[in-house]
Asker: 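First the structure, which I've put down as C-alpha cells, then a few questions once you've had a look.
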Amino acid sequence: MFKKILIANRGEIACRVIKTARRMGIATVAVYSEADANARHVRLADEAVLIGPPAARESYLVGAKIIEAALKTGAEAVHPGYGFLSENDGFADACAAAGIVFIGPPASAIRAMGSKSSAKALMEKAGVPLTPGYHGDNQDPAFLHEQATRIGYPVLIKASAGGGGKGMRRVDRSEDFDAALTSCKREAASAFGDDHVLIEKYIVRPRHIEIQVFGDSHGHCVYLFERDCSVQRRHQKVLEEAPAPGMTPARRAAMGKAAVDAAMAVGYVGAGTVEFIAHQDGSFSFMEMNTRLQVEHPVTEMITGLDLVEWQLRVAFGEPLPLRQEQLTLDGHALEARIYAEDPDKGFLPSTGRLLHLAPPPESAHVRVDTGVEQGDEITPHYDPMIAKLIVWGADRHQALARMRQALAQYRIVGVGNNVDFLARLVAVPAFANADLDTGLIEREQALLFPEAGPPPQEVWMLAALAETLRETQLADKKALASADRHSPWRATDGWRLNGSARRKLKLRLVETTQEIGIRHVTNGHELEIDGHRVFARGTLAPDSELHAQLGERRLRAAVVASGERRHVFFEGRAWPLVRVDTLHVGGAGDHHDGGLRAPMPGKVIALLVAAGAAVEKGTPLLVMEAMKMEHTITAPRKGIVKAFCCAPGEQVGDGAELVELDPANT
Ligand code: ADP
Ligand code: ADP
Ligand code: MG
C-alpha cells in the first residue's frame with residue numbers, strides 16, 4: 001500500500017480522506033492556501049504545504065503547485081477529493097507524467113465524461129437511455145432556439161462543462177429563451193471557462209437517483225446501489241438518502257446495470273457516480289457521470305458498511321475490488337443533510353463570518369458529522385460555504401428520519417447564517433416524511449418551509465433571561481475569586497447578593513418584538529416576571545452555553561449563546577437570535593439596513609442591468625454580482641431613480657460596499 005499520499009483539497013473532504021489514510025497507516029500531506037493556514041485539514045495532516053493565495057485559481061486549482069508539493073514531500077499519490085481538480089483530465093495526465101498516482105479514473109475516462117454533451121453522445125452509443133434534447137456542437141443562438149422549440153417547452157439549458165448546479169436555466173416560454181441562453185453562457189464562461197451548452201427537455205417532477213459505481217484496473221466493475229438526491233435547491237443537493245424510497249429490486253438491478261455499462265464504456269477505474277433523472281413512472285434516463293467521489297458518498301458507506309476512500313486507495317494501488325457484486329449487501333437506511341453557511345430566507349444567499357459557537361450533535365454509531373471546521377474558524381467568501389455534512393443511519397427510513405430530527409435539534413451554530421432550522425423544517429415536511437419526493441419539493445413546500453416569523457414562545461424569553469442572570473452571577477463569582485479580599489461578600493457563591501431582592505428589568509428584542517422581563521433573586525433561584533406572569537426559575541449554564549433550566553414545574557434543556565448584544569437561544573430544535581436591548585445603547589444593536597444598495601458579501605460585479613438615470617420599481621434587477629461561485633442579482637429595495645452606479649463590471653467589491661445611488665422617485 002502507499003506510504004504517503006497528498007490530499008489536493010480542503011475542508012471536510014480533505015479531513016475525511018486523512019481519517020481513512022491514518023487508519024490504514026498511510027502518512028498524509030495537506031496543501032493549503034493563505035486563507036487556510038490554520039484550517040482543520042492542515043491541523044489534522046501529518047505535513048502541510050502552502051500553495052498560494054486564497055483565490056482557488058491561484059492555489060487549489062494550480063496543478064503544477066500541487067505536483068511540486070507531492071514531489072517535495074515524497075507523496076506517491078494524490079487524492080483530489082471533489083470539486084477543484086478532481087475532474088480535470090489535464091491534472092490526471094500531469095500526475096502520471098510526474099510519476100505520481102492520481103487517485104481517480106484514467107484521464108481518458110474523465111475526458112470522455114467531462115463534457116455533458118459528448119458524454120451523452122457516448123452513452124447513446126452504449127445503449128444507455130437519454131433525456132430527449134440537443135447535445136451537438138452547433139452553438140448558434142438561433143439554432144439552439146429552434147432546437148428548444150423542437151424539443152418542446154419547458155426546456156433546460158445546461159453548461160456542458162457545468163457542475164455543482166451552476167450554469168443551468170429552466171425556460172418555460174420561447175420569448176424567455178434568448179435571455180436565458182445569454183445569462184447561462186455568461187455564467188458558464190465565468191465558472192467553467194467554457195460556454196458550450198446543451199438543451200434538454202425539462203422533466204416535470206423528476207427524481208434524481210444516482211448509482212455509485214466502482215471499477216478496478218483488472219476489468220471489474222460493480223455498483224454499490226443507489227442514492228436519492230431529489231431534495232434540491234437551485235439544482236443543488238440538500239438532502240440525500242440511500243436506498244431510494246420505493247426502489248424495487250428489479251429497477252435497482254436495471255439502473256445498476258445501466259450505470260456499470262456507462263462506466264465500462266469509458267474504461268472506468270475507481271469511484272464514480274452515474275446520475276439519472278427518474279420519471280414518476282419509474283423510467284429513468286442518463287444525466288451525467290461524476291468521475292470522482294461524491295459529496296454524498298457517506299450514505300452509501302452507512303448502508304454498505306464500507307469505506308469508499310479505502311476502496312479508492314486500494315484500487316489506485318492496483319489491487320482488485322475488495323468485493324464482487326454478489327457479495328455486496330444493503331442494510332438499513334441513511335440520510336445526509338448538508339449544513340451550509342447560507343441564509344434560506346434570502347434565497348439561500350451564502351453567508352460568511354466566524355463560527356463564534358459551533359456545537360454539532362455528538363457522534364455515535366448512528367450519527368456521523370463530516371466537517372472541515374471547528375469553533376473559531378471562519379467561513380470565507382473564497383470557497384464553498386458548506387460547514388458540515390450530518391449523516392445518520394437507522395434500521396429503516398422512519399428511524400433514520402427520527403435520528404436526523406434529533407441530531408438537527410442538537411446542532412448549534414452562531415456567527416454565520418446557516419440552514420439548520422430550515423433543514424429541521426424540511427425533514428418534518430409531510431411530503432418528505434412520506435417519501436413523496438421530486439426535485440420541486442422545496443419550492444412547492446414554501447408555506448411550511450418559510451413560515452411567517454411569529455413571536456417566540458414565552459419560554460424563549462425566560463430561558464434567555466435566566467441565562468443572563470446565571471452568566472452575570474458567574475462573572476461576579478469570577479471577579480470575587482480574583483479579588484484579594486477573602487472576606488468580601490462578593491466571594492460568597494451561595495447566591496447571596498447585595499440588593500438581592502430588588503427587581504431588575506431586562507429588555508430583549510426579536511426583529512420587531514420587544515419583551516421586558518423582570519428578574520428578582522429569591523431563595524435558590526429567581527423569579528421571572530413576563531407580561532404579568534411570575535415563574536420561579538433556576539438552572540445551570542455550562543461553559544459551552546448549554547442550559548439546564550427549571551421554569552416553574554418544567555425542566556428544560558436549551559442553549560443560550562451570547563455574542564455581542566445577541567443572545568442566541570436554541571430551544572426545541574429552533575434558534576432564536578434575540579438581541580439584548582441595552583437602554584444605554586438605544587438603537588445601537590440595529591441589524592437592519594434597507595439592503596439592496598450595498599454588496600451583501602464580497603464579490604465581483606458581473607453586469608449592470610439598467611442605465612444611470614433609469615426609473616426603477618421596487619424589485620427591479622439592478623446588477624449582477626458573482627460571489628462564492630454563484631451569480632446574485634441585486635434588486636432595487638424601493639421605487640426610485642438610479643442616480644449613479646458606484647461600481648463597474650469586473651470590479652471586485654467588499655462586503656457592504658455601496659453599489660448604487662438611488663434617489664427617491666419624484667411623485
Ligand atoms: P450538475 O453537473 O450541476 O450536477 P446535472 O446535470 O447533474 O448537473 O443536474 C443537476 C440537477 O438539475 C439534477 O439533479 C436535477 O435536479 C436537475 N436537472 C438536470 N437535468 C434535468 C432535466 N432534464 N429536467 C429536470 N431537471 C433536471
Ligand atoms: P455532488 O453531487 O457531489 O454535489 P456537484 O457537481 O454538485 O456534485 O459538485 C460537487 C461539489 O464540488 C460541490 O458541492 C461543490 O462544493 C464542489 N465544487 C463544484 N465546483 C467547484 C469549483 N469550481 N471549485 C471548488 N469546488 C467546487
Ligand atoms: Mg450532477
Side-chain angles (χ1 to χ4, degrees), residues 82-84 86-88 110 113-123 128-135 147-148 150-172 180 184 187-188 190-194 196-213 226-241 244 255 259 262 271-281 283-297 336 338 348 384 386 437-444 629-631:
Y82 54 74
F84 296 134
S86 60
E87 295 181 276
N88 185 312
I110 301 179
M113 292 295 185
S115 152
K116 292 189 207 289
S117 302
S118 29
K120 282 185 81 175
L122 245 164
M123 291 304 107
V128 178
L130 295 186
T131 306
Y134 174 76
H135 48 263
Q147 292 303 311
R150 174 183 63 81
I151 297 159
Y153 291 94
V155 299
L156 190 64
I157 310 175
K158 263 192 205 180
S160 301
K166 282 142 229 157
M168 249 187 278
R169 296 290 184 282
R170 173 183 167 159
V171 189
D172 290 310
C184 185
E187 186 173 312
S190 130
F192 314 110
D194 178 355
H196 193 282
V197 297
L198 63 91
I199 318 278
E200 254 176 26
K201 177 89 190 158
Y202 185 89
I203 310 297
V204 180
R205 301 196 75 159
R207 279 169 71 178
H208 172 121
I209 298 180
E210 58 184 35
I211 304 283
Q212 174 72 55
V213 294
E226 78 282 0
R227 294 182 286 257
D228 191 314
C229 316
S230 299
V231 183
Q232 307 181 343
R233 57 113 182 73
R234 280 209 217 108
H235 302 302
Q236 240 212 324
K237 301 158 187 168
V238 177
L239 290 175
E240 298 107 338
E241 59 187 297
M255 292 183 84
T273 294
V274 181
E275 296 189 332
F276 294 100
I277 197 142
H279 305 239
Q280 289 295 329
D281 69 3
S283 63
F284 57 89
S285 50
F286 173 84
M287 199 152 45
E288 64 160 345
M289 179 167 186
N290 290 328
T291 53
R292 54 170 164 84
L293 194 66
Q294 202 92 330
V295 174
E296 58 276 18
H297 75 276
E336 175 181 280
R338 298 193 189 191
F348 301 99
D384 201 74
M386 195 159 72
L437 304 175
D438 72 85
T439 60
L441 187 137
I442 289 181
E443 220 157 281
R444 210 170 32 249
K629 304 193 310 246
M630 293 291 308
E631 279 197 4

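Throughout, numbering of the chain's residues begins at 1 and tracks the sequence. All values reported here derive from a predicted model rather than from experimental measurement. One-based numbering, in listed order, for ligands and for the atoms of each.
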Asker: Suppose I only count heavy atoms of Gln232 and a 4.0 Å limit; which atoms of ligand 1 are within that range?
Answerer: 11 (C), 13 (C), 14 (O), 15 (C), 16 (O)
Asker: Using modelled atom types and a 3.5 Å cut-off, is there a donor and acceptor pairing between side-chain atoms of Lys201 and backbone atoms of Gly152?
Answerer: yes
Asker: If you measure from atom 3 (O) of ligand 1 to every heavy atom of Ser230, Gly165, Pro132, Ser160, which option wins on shortest distance?
Answerer: Gly165
Asker: Could you tell me whether some N/O pair between Glu275 and ligand 1 is separated by less than 3.5 angstrom?
Answerer: yes
Asker: Report the atom name of the nearest N/O/S atom of Glu275 relative to the Mg ion (ligand 3).
Answerer: OE1
Asker: Please give the atom name: the N, O or S atom of Glu288 nearest to the Mg ion (ligand 3).
Answerer: OE2
Asker: Please check: side-chain N/O of Glu275 versus main-chain N/O of Asn290, any donor-acceptor pairing under 3.5 Å?
Answerer: no
Asker: Just wondering, is there an N, O or S atom on Glu210 that's nearer than 2.8 Å to the Mg ion (ligand 3)?
Answerer: no
Asker: Classify the contact between Ile277 and ligand 1 as side chain, backbone, both or neither, using a heavy-atom distance cut-off of under 4.0 Å.
Answerer: side chain
Asker: List every atom of ligand 1 that sits less than 4.0 Å from any heavy atom of Leu156, numbering the atoms from 1 in the order shown and giving each element.
Answerer: 18 (N), 19 (C), 20 (N), 21 (C), 22 (C), 27 (C)
Asker: Return yes when Arg170 approaches ligand 1 closer than 4.0 angstrom through a heavy atom, no otherwise.
Answerer: no
Asker: Which atoms of ligand 1 are found less than 4.0 Å from any heavy atom of Thr439?
Answerer: 16 (O)
Asker: Lys158 heavy atoms, cut-off 4.0 Å: which ligand 1 atoms fall inside?
Answerer: 6 (O), 19 (C), 20 (N)
Asker: So which of Asp438, Asp228, Asp281 actually passes salt bridge (Lys or Arg N to Asp or Glu O under 4.0 Å) with Arg207?
Answerer: Asp228
Asker: Look only at the side chain of Arg227 and the backbone of Thr273, and say whether a donor-acceptor pair between them is shorter than 3.5 Å.
Answerer: no
Asker: Report the residues that fulfil side-chain contact (heavy atoms from CB on, under 4.5 Å) with Ser115, sequence neighbours left out, ordered by chain and then residue number.
Answerer: Ser117, Ser118, Ser160
Asker: So, using ring-ring contact (aromatic ring centres under 6.0 Å, His included) as the criterion, who are the partners of Phe286 when residues are at least two apart?
Answerer: none
Asker: Hey, are Lys120 and Glu200 close enough for a salt bridge, meaning a charged N less than 4.0 Å from a carboxylate O?
Answerer: yes
Asker: Specify side chain, backbone, both or neither for Ile203, according to which of its non-hydrogen atoms lie closer than 4.0 Å to ligand 1.
Answerer: both
Asker: Looking only at side chains, do Arg234 and Gln232 share a donor and an acceptor under 3.5 Å apart?
Answerer: no
